[in-house]
Amino acid sequence: MTEPVPIHFYDDPIEVLFDAPPAREKSPPCPNGFTWEGKTYIVTETLSEWSDFTRRGKMARNMRPAHAAVASTRGSLNVGRFYFRVKVDTGQIFDLYYDRAMKNVDDRKGQWFIYRELAEKGDGNV
């Protein structure tokens, strides 16, 4: 399979669906589905997963170098994203991510986003 190429960028919040609640909320597995703009999509295949624990802005300068090195591999409080490339029941391919950053002091949970839609080369969209 050739590497899919981005065709639309969204970065919109989504509601995710799990068959069973994740054991660790801040390090979630790939969801079983998601709802975006009023439509529910069911994940039929997880194509890839990766994480990014890069500290940005002020967060990049507020840690000792030794601690920052460890945090770059496993994350730290409210820092990091978990990405999932999925194929859904419509045949579309999307990149989703979970951002561990809390919204505010009263809502410490992270948030899920649909990052972009991709297409395989040669399927008419590319």
Side-chain angles (χ1 to χ4, degrees):
M1 178 171 118
T2 60
E3 185 70 18
V5 294
I7 57 172
H8 299 288
F9 288 88
Y10 302 111
D11 216 25
D12 291 339
I14 58 173
E15 294 294 322
V16 294
L17 309 167
F18 289 102
D19 290 343
R24 294 181 301 170
E25 192 172 81
K26 290 283 192 164
S27 299
C30 184
N32 300 102
F34 61 94
T35 301
W36 173 52
E37 295 186 338
K39 181 169 175 25
T40 299
Y41 298 84
I42 302 301
V43 172
T44 58
E45 184 179 359
T46 302
L47 303 174
S48 62
E49 301 180 23
W50 66 98
S51 55
D52 178 3
F53 298 119
T54 304
R55 300 175 70 82
R56 294 175 177 84
K58 290 188 289 183
M59 298 292 274
R61 298 182 300 276
N62 73 348
M63 197 178 257
R64 291 185 191 155
H67 292 164
V70 171
S72 70
T73 60
R74 66 175 182 214
S76 57
L77 182 65
N78 295 314
V79 175
R81 291 181 177 175
F82 292 88
Y83 290 87
F84 304 93
R85 179 163 294 162
V86 299
K87 185 174 264 192
V88 297
D89 54 345
T90 61
Q92 294 167 282
I93 298 172
F94 294 107
D95 281 347
L96 313 176
Y97 70 89
Y98 174 74
D99 187 348
R100 292 169 58 163
M102 64 180 171
K103 294 177 202 167
N104 57 52
V105 177
D106 295 325
D107 188 356
R108 294 177 178 264
K109 294 182 180 183
Q111 191 170 5
W112 283 91
F113 293 88
I114 183 167
Y115 174 44
R116 60 190 176 180
E117 181 178 356
L118 302 102
E120 296 180 46
K121 291 180 183 175
D123 75 354
N125 290 320
V126 183

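What you see is a predicted model, and the numbers here were worked out from it, not measured in a lab.
- Partners of Glu37 by side chain to side chain contact (heavy atoms under 4.5 Å, CB included), not counting sequence neighbours, listed by chain and number: Asp12.
- One finds the CZ atom of Phe9 at 12.0 Å from the CD1 atom of Ile114 (value rounded to the nearest 0.5 Å).
- Residues forming a side-chain hydrogen bond (donor to acceptor under 3.5 Å, both in side chains) with Thr40 (at least two apart in sequence, or on another chain): Thr35.
- By the ring pair (Phe, Tyr, Trp, His ring centres under 6.0 Å) test, Trp36 is found to be paired with Tyr10, residues two or more places apart in sequence or in another chain being considered.
- Tyr97 pairs with exactly one of Phe84, Phe113, Trp50 by the ring pair (Phe, Tyr, Trp, His ring centres under 6.0 Å) rule, that one being Phe113.
- Atom CG of Leu47 and atom CD1 of Ile93 lie 5.5 Å apart (nearest 0.5 Å).
- By the salt bridge (Lys or Arg N to Asp or Glu O under 4.0 Å) test, Arg116 is found to be paired with Asp95, residues two or more places apart in sequence or in another chain being considered.
- Taking Thr90 as the reference, Lys39, Tyr41, Val88, Gln92 meet the side chain to side chain contact (heavy atoms under 4.5 Å, CB included) condition, with sequence neighbours excluded.
- Annotation for Glu15: atom CD does not count as buried by contact number, only 12 or fewer foreign heavy atoms lying within 6.0 Å.
- Atom CD of Glu120 sits about 10.0 Å away from atom CD of Glu3, to the nearest 0.5 Å.
- Taking the six-membered ring for Trp and the full ring otherwise, Phe53 and Phe82 have centroids separated by under 6.0 Å.
- Within the model, atoms CG of Leu118 and NZ of Lys87 stand 11.5 Å from one another, a figure rounded to the nearest 0.5 Å.
- A distance of 12.0 Å separates OG1 in Thr46 from CZ in Arg85, rounded to the nearest 0.5 Å.
- At a threshold of 4.5 Å between side-chain heavy atoms, the hydrophobic network of Ile, Leu, Val, Met, Phe, Trp and Tyr places Ile42 and Phe18 in two separate groups.
- A search for side-chain hydrogen bond (donor to acceptor under 3.5 Å, both in side chains) contacts involving Tyr115 returns nothing, not counting sequence neighbours.
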